[in-house]
Amino acid sequence: MSEYGVLLVSHVSEIVEGLTALLKEVASDVSITSAGGTDDGGIGSSFDKVQAAVEANQSGKILAFYDLGSSKMNLEMVKEVTDKEITLFDTAFIESAYTASALLQAGVPIEEIKKQLEPLKIK
Amino acid sequence: MSEYGVLLVSHVSEIVEGLTALLKEVASDVSITSAGGTDDGGIGSSFDKVQAAVEANQSGKILAFYDLGSSKMNLEMVKEVTDKEITLFDTAFIESAYTASALLQAGVPIEEIKKQLEPLKIK
Amino acid sequence: MLTVESTIKWLNLFSEKVEKNKDYLSELDQAIGDGDHGANMARGVAAMNEALSNKSFDSIQDVLKTAAMALLSKIGGASGPLYGSALIAMAKQAGEDRSDLASIIQAGSDGIQKRGKAEPGDKTMVDVWVPVVNALKNNKLSADIIKKAVQDTEPLKAKKGRASYLGDRSIGHIDPGSMSSGYLFETLIEGDTL
Amino acid sequence: MLTVESTIKWLNLFSEKVEKNKDYLSELDQAIGDGDHGANMARGVAAMNEALSNKSFDSIQDVLKTAAMALLSKIGGASGPLYGSALIAMAKQAGEDRSDLASIIQAGSDGIQKRGKAEPGDKTMVDVWVPVVNALKNNKLSADIIKKAVQDTEPLKAKKGRASYLGDRSIGHIDPGSMSSGYLFETLIEGDTL
Ligand SMILES: Nc1ncnc2c1ncn2[C@@H]1O[C@H](COP(=O)(O)OP(=O)(O)O)[C@@H](O)[C@H]1O
Ligand SMILES: Nc1ncnc2c1ncn2[C@@H]1O[C@H](COP(=O)(O)OP(=O)(O)O)[C@@H](O)[C@H]1O
Ligand SMILES: [Mg+2]
Ligand SMILES: [Mg+2]
Ligand SMILES: [Mg+2]
Ligand SMILES: [Mg+2]
């Protein structure tokens, strides 16, 4: 598993399921975990799901991507209570998760990855 | 149905299914159709699915959003053979589809919507 | 002044008011958001009620912390982390000085601003918490002041949250999170906590 | 010069070569893409073969158009719209002058560049089509020239497609779409079309 893992947080569980499949094609050695939708499977966000996804990730350093604002707030709250190192990106959800995952698989250093993600900042 | 419809093109069918649900919460009067994955349900893109989604859309004017490059090329090819008016956006897929849908539901004029989408251009 | 009993009573009254008005909360959220604020809050307060009835509490801090975790976990929308952060901060402040209600609510208000980064005028629940804190500091909190704060969100243009995507189209609608915060403070008064 | 029969023979040989080497094509795509180019092309040429065997053709234009639609529909990756556009453009050019092979392949090359907006040096199939067109114009197309064009993609840095996400890490790998285009032109020679 690569040093950095990827965490996907979306309002909808199908979105993170589909995105995970897309990323796994290009990043089979990267730990990718996700939290999609509310606790009971509806559309929204869940602190518990995010926390579980952070713990389930096989890396201790995580690059986190999210779709809309409330996903971000839950991510930030989990970041405050976990021992893992989480870097949150305010970048285009799908496109930046893809870019980061492909670059992690290719062994590109984290500073270079962050540079590649900068133009994707939209939130 | 609003004058403009929304078309979502992604490499993965689960992504467009989930995104459609997300958009329908805030845009119940907007026609939202989608093409996700290959003809046989795998990860990739499909000219036929895109064409079908264009025809199925209840609006004659369509705002189209896509995730990665080959989705865009299929969209452009369909655009060349359809009578419908398609505007393609090189914007962050999820975030711009959401913004456009919410604004269409709110009755915001198309020129204002395009302005709102400009900062989301990343491709 | 808050006590363990009065705090639980307050939160129970809040739950009832939310449950009773959940459709209205969702209606407000339908106009400028995704239409789920009522369902979110009802789910959250139901979990909070359950958590509050399940154990005995040693301190107000304990009550607020328990309520916070339930709301955080179960609301399921932006208001989850926001109410969760508010009550966590209030719990901490109550642990330091349980007698100063204004400071406790102030802590909650600060927690919301820290979490959501909204400022007064952004058309969010902050636009109710801030005036309420001011009124409490002057010993003047009343149902009218609360109603006015909620109503004053109507002409604002949203700068945060789902409503901010609508820009000018958010003007002329009461902010749903402000309405639910209004219920929180109305029941604070009703619960004889002051 | 192309005839209906030689065009079909060519495309059939192309299909066989793709099917035989599909794992290799996917391997190239695993290094700098999503690992599916072989599966994509195999699926596409299978559909193309089926479409070509299903009817009788009046013209080369008809053959190329039919092949184009099958590839466009069934490849399922970026190479779908690209090969589709190439063959659509070739069909059109063949309809205007079926005797000028160089112009037909040129039309295909232009179609790819118009569709994908890649330029020579971007590490795409364009880097094979352009040298092949040049060689055809000088009546010099050979297996060696084709192999060299494919091999020359190895040191390039990708500017288009999935490989472009990898930046410098795409250097040192042959471009998969260039390899499949190499097969297209190798079988053009093998099919005695020239
Ligand atoms: N950044 C923020 N700061 C403060 N309050 C916010 C913020 N974002 C949203 N809100 C509040 O949350 C309310 C919406 O809550 P809710 O509908 O439950 O969440 P969601 O928008 O995720 O569906 C808004 O009316 C607003 O009062
Ligand atoms: N914009 C483009 N212009 C020209 N060729 C391209 C372009 N994008 C991709 N390609 C070609 O397509 C090949 C990849 O095809 P394939 O794997 O089938 O599609 P995908 O990348 O969608 O999985 C690349 O090796 C390259 O030769
Ligand atoms: Mg809502
Ligand atoms: Mg919601
Ligand atoms: Mg590929
Ligand atoms: Mg692919």
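Everything numeric here is computed off the predicted structure, so don't read it as measured data.
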Partner chain A: residue of B/His11, B/Lys123, B/Glu17 with the largest heavy-atom pair count (under 4.5 Å):
B/Lys123
Side chain, backbone, both or neither: which part of A/Leu120 has an atom under 4.5 Å from a heavy atom of chain B?
both
Nearest-0.5 Å distance, OG1 of residue B/Thr20 to CD of residue A/Glu14
10.5 Å
When the 4.5 angstrom heavy-atom criterion is applied to B/Ser96 and chain A, the contacting part is neither
A/Ser10 portion near chain B, given a 4.5 angstrom heavy-atom threshold
neither
Does CG belonging to B/Asp40 count more than 12 external heavy atoms closer than 6.0 Å?
yes
For a 4.5 angstrom cut-off between non-hydrogen side-chain atoms, does B/Ile43 reach A/Glu25?
yes
B/Leu22 portion near chain A, given a 4.5 angstrom heavy-atom threshold:
both
Heavy-atom cut-off 4.5 Å, strictly under: side chain, backbone, both or neither for B/Lys121 against chain A?
neither
With heavy-atom distances below 4.5 Å as the criterion, would you say the side chains of B/Ile122 and A/Glu95 are in contact?
yes
Residues of residues 48-76 of chain B with a heavy atom under 4.5 Å from any heavy atom of chain A, in residue-number order, are B/Tyr66, B/Asp67, B/Leu68
Could you check whether any side-chain heavy atom of A/Ile15 comes within less than 4.5 Å of a side-chain heavy atom of B/Leu19, counting everything from C-beta outward?
yes
